[in-house]
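Okay, so here's the structure we're looking at.
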Protein chains: 2
Amino acid sequence: MRAAYPRDTPDQQRVATVARVSTATVSRVFNSPHRVGEARRNRVLQAAKELGYTPNKFASALARKATGRVLFLDCNKLAAHDRVNQAYYAGLYKMSLEAVLGAVESSTYHLTIDLNGSAKPGDYDGIILFDVDSPEQVAPFLSSGIPTVYGHHLGGFSKGLRAGVDNKGGSVLAAQYLLDRGHRGIAYLTGRVPELNSHKDRLEGFVIRLEEANLGCTILQTPVGPRGGARGVQSLEKKLRAGSITAIGVMNDLTAFGAVQELLRLGIRIPEDVEVVGFDNLPILDLLPVRIPTVDLSLDEVYSRAAKKLLSSLESQGEQEELLVLPRLIRPNSNPGDPK
Amino acid sequence: MRAAYPRDTPDQQRVATVARVSTATVSRVFNSPHRVGEARRNRVLQAAKELGYTPNKFASALARKATGRVLFLDCNKLAAHDRVNQAYYAGLYKMSLEAVLGAVESSTYHLTIDLNGSAKPGDYDGIILFDVDSPEQVAPFLSSGIPTVYGHHLGGFSKGLRAGVDNKGGSVLAAQYLLDRGHRGIAYLTGRVPELNSHKDRLEGFVIRLEEANLGCTILQTPVGPRGGARGVQSLEKKLRAGSITAIGVMNDLTAFGAVQELLRLGIRIPEDVEVVGFDNLPILDLLPVRIPTVDLSLDEVYSRAAKKLLSSLESQGEQEELLVLPRLIRPNSNPGDPK
DNA sequence: TTGTATGCGTTATCAG
DNA sequence: CTGATAACGCATACAA
């Protein structure tokens, strides 16, 4: 037998009694406050506060004939050879999840997560797609009629509610950093271009900033990951030793990790001889004997906004805006563990 | 105005009609099947299957006067100096979450997550605590009367429903591996002993296995993390070069990472000269130029069982058993990305 | 603007 | 073992 636990949670009726109004008014105060007279509204809010009342989300959803649920779905499905790398991004997932949670928690909706992709639209009032890869991936959700918002690399996407990282802008920051440090011979390790939006945008932003400074850029396409980074450095070795290249921008930290390792192995000092700047702000950078700058995606910001946008579009059909968050540069001397 | 989405989900009434029974009977079939006659039960199951019926969890919770929610709370709060290391464990969190989800999903309960610790018991019918650290941490939950299950390092815990990793057993596997490889001079890097259960158990298991083989063990206490691992190796350098120590067990992979790096830096080859075995099966091991064996916590198994245990104890007050899952050794030649 | 009354899908009580 | 029926807490026509 299922045990019953005393739930002293006050209900709408209690609040209504205390506030000397009807339950309908209490409901209105929480759903369409503007439709309630100020005097009564204040009485209700006061009573609710005193009693510690929170609307029961389940009953709410039931009465509304809605599911009352918002889905958070991890879409991160890359090519098979990238699967192993995904483990390094779990921290970003967790951070994003936390951000979404903060927004949904305070609404009348419940956050539901799905990690294995077995979710059907229709079971949810709203959907948040994490780390989508291609338009085909989002299409079924958008056409389902369920309000959907997705993130976070938006290069090739053009429709629906979406929030993302300004990869181009982030790369501009990275290039800017190297320029400020006085570098003139700069190389860039790119990856899966042009298939991957994020890599393409990052490359573009980097090159653009250098062009603005009337500088060229040695672009090298390498496999993504530590091994690719090492290989990239090997290709550049001559120029690095000759001093014609003194800085390297890398498309992500996983690859930057390998690049740094290889540089050190070759006896090239960082940052004295060569400087490297990464992207993603992955914790693995702390495993290197030297600190390098990187670009933080600000995914918490991205998904917090995404969630809020979705929730507000659940109230009124919103517009199909795109929302871009500018990443922030993490300097090698700053402590990544610091409070933001 | 909130849009209404067509939910063609069949309800209890539809199933009841099709099965020619009352709604009460349908409810019983899904909650206490044994209280329904076989003929009718089959009719109901058949109808439910045809219609694709799933009980509405919200209505269920409402009628039951319960919250209908199960909480998954991340308790991982270590000392400040360890905070930075936590980022490496996000993957384990995600894996555990997925396991819990799988179990809860198919029940009439909803899984709710809380990442910032602002959850109050009483808002939930059941609670799953992830990665608890000390008995004081769980005490308020246990005394709240809400069924609670916690994991996953159970060394110092003695009450309540719990599921955990057999750290001792895992360490035995690690030691066994080194013995099988013919090593006789073996060292062990331990960490925060005796405060941390996991470290204590791992040390114990390792030493016990060596004792059984009539071997001693050079035990070294080092800080946890890459730097600590490097320092440990430095302390052992003479013995390593002399060949009196040819293998090192380490309390976790983060520390093992540093140990391996330092060994290689010293020109000591792995596994030819010295062999290292880690613990936790963290993906960062792939960032090393050599593969080392490690011990996988099987947290998916742990938390899957934990969730099932909790759910069943929600039906009937269960016993306060402890559940221990034996980790599995990951050999350096096996691919960690392989399907289990 | 406000209150009354009804229903949302399910479980639990009670009578048969 | 089974069926009718009353909650569960809330939102929303509808009436006032």
Side-chain angles (χ1 to χ4, degrees), chain A residues 1-17 19-44 48 51 53-69 107-110 123 125 314-315, chain B residues 1-17 19-44 48 51 53-69 107-110 123 125 314-315:
Chain A
M1 190 198 61
R2 195 171 278 113
Y5 303 97
R7 289 243 311 150
D8 55 351
T9 313
D11 62 357
Q12 212 177 51
Q13 180 58 60
R14 274 254 289 284
V15 177
T17 307
R20 287 168 295 144
V21 298
S22 70
T23 59
T25 298
V26 176
S27 176
R28 290 193 195 99
V29 167
F30 280 87
N31 292 294
S32 37
H34 57 282
R35 302 187 133 222
V36 176
E38 189 168 346
R40 285 166 189 258
R41 180 173 52 216
N42 287 336
R43 286 217 306 273
V44 169
L51 297 171
Y53 167 75
T54 307
N56 182 319
K57 295 182 180 185
F58 291 0
S60 180
L62 200 60
R64 203 175 295 164
K65 296 192 195 186
T67 67
R69 311 195 297 181
S107 75
T108 47
Y109 293 89
H110 250 289
D123 285 351
D125 289 342
L314 285 178
E315 310 288 335
Chain B
M1 191 197 63
R2 195 170 280 113
Y5 303 97
R7 289 245 309 152
D8 56 349
T9 313
D11 61 357
Q12 209 177 54
Q13 181 58 60
R14 275 251 292 284
V15 177
T17 306
R20 286 169 295 144
V21 298
S22 69
T23 60
T25 298
V26 177
S27 177
R28 288 193 197 97
V29 167
F30 280 87
N31 291 292
S32 36
H34 58 279
R35 302 186 131 224
V36 177
E38 188 167 347
R40 288 167 186 258
R41 181 173 53 213
N42 287 336
R43 286 217 308 273
V44 168
L51 297 170
Y53 167 75
T54 307
N56 182 319
K57 294 183 181 185
F58 290 0
S60 178
L62 199 60
R64 203 174 305 180
K65 295 193 198 188
T67 68
R69 310 195 297 180
S107 75
T108 47
Y109 292 90
H110 251 288
D123 286 351
D125 289 343
L314 285 178
E315 310 287 336

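Bear in mind that the values here come from a model prediction, so they are computed numbers and not experimental data. These numbers come from the heavy atoms of this one structure, side chains and all, not from hydrogens, waters or symmetry mates. Letters A, B, ... are given to chains in the order of the sequence lines, protein chains preceding strands, and every chain is numbered from 1.
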For this session: Any chance you could measure B:S27, atom OG, to B:R35, atom CZ, to the nearest 0.5 Å?
Result: 11.5 Å
Exercise. Nearest to the side chain of B:A63 - C:dG9, C:dT4, D:dC10?
Worked result: C:dG9
Exercise. OP1 or OP2 of C:dT11 sitting under 4.0 Å from any side-chain N/O of B:S27?
Worked result: yes
For this session: Rounded to the nearest angstrom, tell me the gap between atom CZ in B:F58 and atom P in D:dA11.
Result: 13 Å
Seminar exercise, completed: B:K65 NZ to D:dA6 P, in whole Å, measures 15 Å
For this session: Starting at atom CZ of A:R64, determine the distance to atom C1' of C:dG9, rounded to an integer number of angstrom.
Result: 16 Å
Seminar exercise, completed: Among C:dT11, D:dG9, C:dA12, the one nearest any side-chain atom of B:A24 is C:dA12
Problem set entry | Spacing of A:Y109 atom OH and A:R64 atom CZ [to the nearest 0.5 Å] | 5.0 Å
Exercise. Between B:T25 and D:dG3, does any side-chain N or O lie under 4.0 Å from OP1 or OP2?
Worked result: yes
Problem set entry | A:V21 side chain, from C-beta outward: closest of C:dT10, D:dG3, C:dG3 | C:dG3
Seminar exercise, completed: Separation of C:dG7 atom P from B:L62 atom CG, nearest Å, is 17 Å
Exercise. How long is the gap from CG on A:D11 to CG on A:N56, to the nearest 0.5 Å?
Worked result: 9.5 Å
For this session: Could you please name the option among C:dG3, C:dT11, D:dG3 that lies closest to any side-chain atom of A:R28?
Result: C:dG3
Problem set entry | Under 4.0 angstrom between B:Q12 side-chain N/O and C:dT11 OP1 or OP2 | yes
Exercise. Between B:R41 and A:V26, who's closer to the 5' end of DNA chain D by nearest nucleotide?
Worked result: B:R41
Exercise. At under 4.0 Å between heavy atoms, what does A:V36 touch on the DNA or RNA strands: base, sugar-phosphate, or nothing?
Worked result: sugar-phosphate
For this session: Give a yes/no on whether any side-chain N or O of B:R35 is located under 4.0 angstrom from OP1 or OP2 of D:dC1.
Result: no
For this session: Could you grab the distance from atom NZ of B:K57 to atom NE2 of A:H110, nearest 0.5 Å is fine?
Result: 11.0 Å
Problem set entry | Among C:dT4, C:dT10, C:dT13, the one nearest B:A59 by side-chain distance | C:dT10
For this session: Quickly work out the B:N56 CG to D:dC10 C1' distance and round it to whole Å.
Result: 14 Å
Exercise. Would you say a side-chain N or O of B:R40 is under 4.0 Å from OP1 or OP2 of D:dG3?
Worked result: yes
Exercise. Would you call B:Q12 and B:Y53 a side-chain contact if the rule is heavy atoms closer than 4.5 Å?
Worked result: yes
Exercise. Between B:N31 and C:dT11, does any side-chain N or O lie under 4.0 Å from OP1 or OP2?
Worked result: yes
Exercise. When you measure from the side chain of A:Y53, which nucleotide among C:dC8, C:dT4, D:dC10 comes out closest?
Worked result: D:dC10
Exercise. Within the pair A:S60 and D:dC10, is there a side-chain N or O less than 4.0 Å away from OP1 or OP2?
Worked result: no
